[in-house]
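Because the structure is a prediction, the values reported are computed rather than measured. We count ligands from 1, going down the list as the structure has it; atoms in each ligand are counted the same way.
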Amino acid sequence: MLFSRFFAPTSKDVPSDAKIVSHRLMLRSGMISQAASGIYCWLPLATRVLDKLSKIICEEQDRIGANRVYFTTIQPADLWIESGRYDVYGKEMLRIKDRKEGDFLYSPTNEEQATDVFRKYVKSYKGLPTILYQIHWKFRDEIRPKFGVMRGREFLMKDGYSFDIDFCMAKKTYENVFKSYVATFRRMGLTPVPVQADSGAIGGNMSHEFQILADTGESTLYYDRKLLTASDNELMTTYAVTDEKYDPVNSSIPEKDLLMSRGIEVGHIFHFGTKYSKAMNAFVLDEKGNKLFPEMGSYGIGVSRLVAAIIESSHDDRGIIWPETVAPFDITILNLHRRDSHCCEVADEIYRAVSLRASSGREALYDDRDISVGEKMADADLIGIPWQIIVGSKKMERGVVELKNRKSGEIIEMSPAEVTGRFMS
Ligand code: 5CA
């Protein structure tokens with residue numbers, strides 16, 4: 001992609017109303033454009049990151065046999081009246097009337113709809129277990145949207161719904177999803193901290209939140225220091241709770257081992273048994289022809305919130321530092337002297353070579369804009385692409401270009417052939 005064609009309206013101005021670093025950096029790097037309070041357009045850089053996150057999520061969901069679907073963003077109110085949640089949900093739900101005065105709503109979550117799809121098609125126990133999931137926009141009319149996309153009103157969520165034959169199988173599914181979430185967040189360059197949680201409006205009796213430690217997080221966590229070194233198997237049982245569940249009097253952890261941190265909730269999983277299957281009469285027939293109400297769970301990831309959470313955990317005072325797996329591009333090529341024909345030739349050639357996807361599989365953003373060297377370098381650091389290939393006339397006199405790692409700041413001089421070779425393997 002040529003930067004001269006790329007829509008990334010970067011800015012040096014620090015937005016005064018953005019209180020946390022991720023919000024400031026998302027605005028300054030031209031990732032988002034506010035449409036209304038808590039409602040944002042996702043511009044190209046941000047869209048590319050959402051796509052990278054979604055791809056990782058889908059690959060990990062595939063591994064546990066979950067099926068990707070699109071439920072609807074607009075749902076008929078009837079489903080929610082049936083489950084009993086239509087009145088309970090209150091003002092967070094955006095209620096809509098169609099032209100025939102029919103009651104609809106914009107999905108804040110899709111338990112009812114998943115249960116409805118399930119009951120229409122699955123009639124026998126042989127159809128279990130089933131997991132359906134989607135990555136789709138949600139709307140919750142939050143009373144206080146804040147911190148940009150961190151707590152928005154419109155946000156992108158991965159939401160999954162499982163149906164199992166009994167509690168034992170449902171627990172197994174829950175554990176599989178738990179492990180797959182740990183793997184998912186790790187692949188995004190994050191260290192997830194799973195904590196036992198309350199299940200709130202979703203209901204249920206087994207629930208974990210996945211938190212990312214950050215001072216700007218809205219949750220307060222109490223956890224055993226062992227959690228920081230726990231193996232995947234130990235993670236689920238190591239003591240960690242949110243402040244809603246923390247009981248200082250009955251805490252089983254000695255004070256010296258108890259840590260307290262702020263965290264950003266990037267995922268939340270729930271087991272809620274037959275709450276929805278019974279309320280919505282979603283049953284299958286068992287081997288003997290008896291009615292069986294599936295044990296259900298639901299599993300969310302805040303995909304759009306993750307973009308902000310990753311920036312909170314990976315930035316410096318110059319800008320974003322994207323982990324390689326989720327970066328909007330792998331490489332940015334900076335042609336510092338657009339009027340120097342030698343620089344242009346070399347930069348063009350490097351761009352052609354590394355962005356030929358068939359051979360390199362890499363995505364490159366080529367900064368061919370006619371702006372100052374300082375602006376180009378500042379934008380590259382702000383946008384945070386993991387590798388910068390810098391082509392400048394001084395170095396070219398010696399036949400070298402620079403390869404800079406955004407994270408470490410390390411710069412290595414290389415010949416153009418070496419640098420392309422480095423990304424072709
Ligand atoms: N139905 C379940 C899971 S499928 C559910 O809705 N869970 S949730 O309410 O906990 O939301 C799932 C995840 O979405 C949260 O962990 C959080 O990361 C994200 N999320 C929730 N509300 C917002 C919001 N207002 N803005 C951004 N992300 C949000």
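No side-chain N or O of T173 forms a donor-acceptor pair with one of N176 less than 3.5 Å apart. A donor and an acceptor atom, one from each side chain of Y161 and T115, are nowhere located under 3.5 Å apart. There is no side-chain donor-acceptor pair under 3.5 Å between E60 and S180.
Between H23 and Y40, the two ring planes are perpendicular [angle over 60°; tilted spans 30° to 60°].
When all heavy atoms are compared, the tightest approach of P108 to M157 is O-CE, 4.0 Å.
By the 4.0 Å heavy-atom criterion, S304 is excluded from the residues contacting ligand 1. Judged by the shortest distance from any of its heavy atoms, F210 lies outside the 4.0 Å radius around the atoms of ligand 1. Within the structure, the closest approach of M150 to ligand 1 falls below 4.0 Å when heavy atoms are considered.
At a heavy-atom cutoff of 4.0 Å, ligand 1 is contacted by the side chain of T109 but not by its backbone.
Any N or O atom pair closer than 3.5 Å counts here, and P108 shares no such pair with ligand 1. Here's the thing with E111: one of its N/O atoms is less than 3.5 angstrom from an N/O atom of ligand 1.
Residue contact check: D159 has heavy atoms under 4.0 Å from atoms 4 (S) of ligand 1.
Proximity annotation for atom 15 (C) of ligand 1: of R140, E265, Q134, H268, E265 comes nearest, heavy atoms only.
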